[in-house]
Amino acid sequence: MQQKEEHLDEKELPQKSTKEYVLRLFITGATPNSVRALTNLKKLCEVYLKGKYSLEIIDVYQQADIAEREQLIALPLLIKKLPLPEKRMIGDLSDTDKVLKGLGLKQ
Amino acid sequence: MPPKSKYNTTQLKKLPKTPTGVKGLDEITRGGLPKGRPTLVCGAAGCGKTLMATEFIVRGALEFGEPGVFMTFEEQAEELEMNVASLGINLPKLQKEGLVKIDHVHIDKSEIEETGEYDLDGLFIRLGYAIDSIGAKRVVLDTLENLFAGLNNQAILRTELRRLFSWLKEKGVTSLITGEKGEGTLTRQGLEEYVSDCVILLEHRVVNQISTRLMRIVKYRGSIHGTNEYPFLIDEDGISVLPITSLMLNSDVSSQRISSGLPALDKMLGGKGFFRGSSILISGTAGTGKTSLAAYFANETCKRKERCLYFAFEESPQQIIRNMKSIGIDLKAHIDKGLLEMHAARPTLNGLEMHLVSIHKHVKRFKPKTVILDPITNLITVGSVSEVKAMLIRLIDFLQTEQITVLFTALSLNTIVTEQTDEGVSSLVDAWLLVRDIESNGERNRGMYIMKSRGMKHSNQVREFVITDEGLDLVDVYLGTDGVLTGSAREAQQLLEATGQVLRKHALSRKDLEIERKRKVLEAKIASLQEEFESVQDELNKSYVEEELTKEIMAKNRRKMMQSRQTKNTGNGSKK
């Protein structure tokens, strides 16, 4: 159920005006890692990027063909599309320091 | 106990296998890789892992109608396509036809930040999608090590790999995973070999600067398999493995006899020559005519319209053709007719096993009736005596099962005729001819004899072996007071005997004349006696006739007288 709510969010987000941060999160259904990654990311974004980001959540189970196109191996995977450089972060995003570094919010 | 019986029946089910199509490998594994299970192919860099994996996929698609997924962690799809194009494999076409799917997995450590717990579901989904999209039966993962290089959390990777292997089994695909060889373990992670059902180890060994590729089945759950190290060859046809030694000595034998090309030699071999499918060894010191004998045999084979394969380890084909022309053999004509094929290579070109593999390949392709190896002694430069012997055993075994006659020449290094050849093959061969130098009176001649010839009556005589412009021949050696006479000594002896014969003939004719004369004298005497007898007889006859005549005349006279007296009387009476 939670999954669906998130998807709604995802659809709402891109409609908002261009955001500084464009993020894509690849998850695998409601596996523990995926759920944790999502909550962690939500929390971080609310604290550090409030109003400045758009987040697209993709369930790889639903779109298996995307795995090859996006070179997916380890999941969950967070891709920071913008601002450049593009950055890939795998894992449940529990290591806040690393995530912030990856997002370019912390040196 | 129903459960137990049920257990038994499942156990009786034999492990189904998936043929790889790699030449020879299916023979070693008795049918191929375990069907629906993972197999690990491991080895150091450059030993042919990727090629083997590619062949597994491509041959599966082409020969067995099993589509396959090739997941590469190293090479780009384009690189892979180019690499196998040299083997004549058109990967892009196979991909278009949906028989093969190549997925290149790109991992770059510098691009990835690990921020906590993760799993390899992405890989699973990706692979699953690829398998389902073409209905793949075969999967290759080349090489998993790259995952370990790209990701940090070893613990996660190890559990995920275990999961991957069991997931592959669940999927029912026959998978082949390649792995780099590690220190003391078969793979770097020391993990894959335990979770795989079959492990094949590839090696590339260099001994005495000669490289040999070797393959060994390290484990194969639920199946018997060959356990030896098997040499394999990578060439334009891909991988060929040689499952060489047939352990049974049960090949068919032929009792058909074939000529050696030398009528005189055939006569020494019970009058008919060698057995078909037998092995023949000609040994001798340098320059005794071993190659000439081999060429004669090749020539004879081609004359019978049979094919002959000639492996030369010392001379080039051109050289042999030229040299053999000098003794009246035209090998070129046979080559042009496609009956004779010559392959010349220095033994050092590759290892012994490679030689064996290439001989195998040539024999399988050309299907000759006769194979000649000239000389096997040169092989010793690439291997030890025991290795050469082992190789020759395998070769003889192989050729015998194919009913091919094989002729080896061997150089004996010692001038003293050693009773054994250096390769120790003399016990293996069926017939052994020895050509040796006989040195006497300041000249060197060749003598030949048959050391052994299994299963036939053969001459125990030493024969002199002469090479002339007309060809080879065997001459009876002369036994003089000083032993065996050969060469000019033999000729002198022959002359001597010829002179004696002339003299004897002369003496004979003189005696004949004498007899004739005597006969004539006697005949003359007989004639004169005959004459004498006739004259005596005449004389005697003459007196006898005279007597008769006088008697007759006297009687006549008397009658006449009596008549005349009577008439006188009557005349008188009338007058009265």
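Remember, it's a predicted structure, so these values are computed and weren't measured experimentally.
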Reference residue I125(B); test side chain to side chain contact (heavy atoms under 4.5 Å, CB included); the match among L72(A), L75(A), I66(A): L75(A)

Inter-residue atom distance I73(A).CD1 - L151(B).CG, 0.5 Å rounding: 6.5 Å

Is it the backbone or the side chain of I156(B) that comes under 4.5 Å from a heavy atom of chain A, or both, or neither? neither

Once you leave out hydrogens and angles, what donor-acceptor pairs under 3.5 Å do chain B and chain A share?
unit_1  : atom_1 : unit_2 : atom_2 : d
K101(B) : NZ     : E68(A) : OE1    : 3.2
H104(B) : O      : Q71(A) : NE2    : 2.8
H106(B) : N      : Q71(A) : OE1    : 2.7
E111(B) : O      : R88(A) : N      : 3.4
E113(B) : N      : R88(A) : O      : 2.9
E113(B) : O      : I90(A) : N      : 2.7
E114(B) : O      : K98(A) : NZ     : 3.4
T115(B) : N      : I90(A) : O      : 2.7
T115(B) : O      : L93(A) : N      : 3.4
T115(B) : O      : S94(A) : N      : 3.0
T115(B) : O      : D95(A) : N      : 3.1
T115(B) : OG1    : I90(A) : O      : 2.8
T115(B) : OG1    : L93(A) : N      : 3.3
E117(B) : N      : D92(A) : OD1    : 3.2
E117(B) : O      : D92(A) : N      : 2.8
D119(B) : N      : L75(A) : O      : 2.9
D119(B) : O      : L75(A) : N      : 2.8
G122(B) : N      : I73(A) : O      : 2.9
L123(B) : N      : I73(A) : O      : 3.0
R126(B) : NH1    : Q71(A) : OE1    : 3.2
R126(B) : NH1    : L72(A) : O      : 3.0
R126(B) : NH2    : Q71(A) : OE1    : 2.9

Any idea which of P32(A), A74(A), A37(A), P76(A) has the most non-hydrogen atom pairs under 4.5 angstrom with chain B? A74(A)

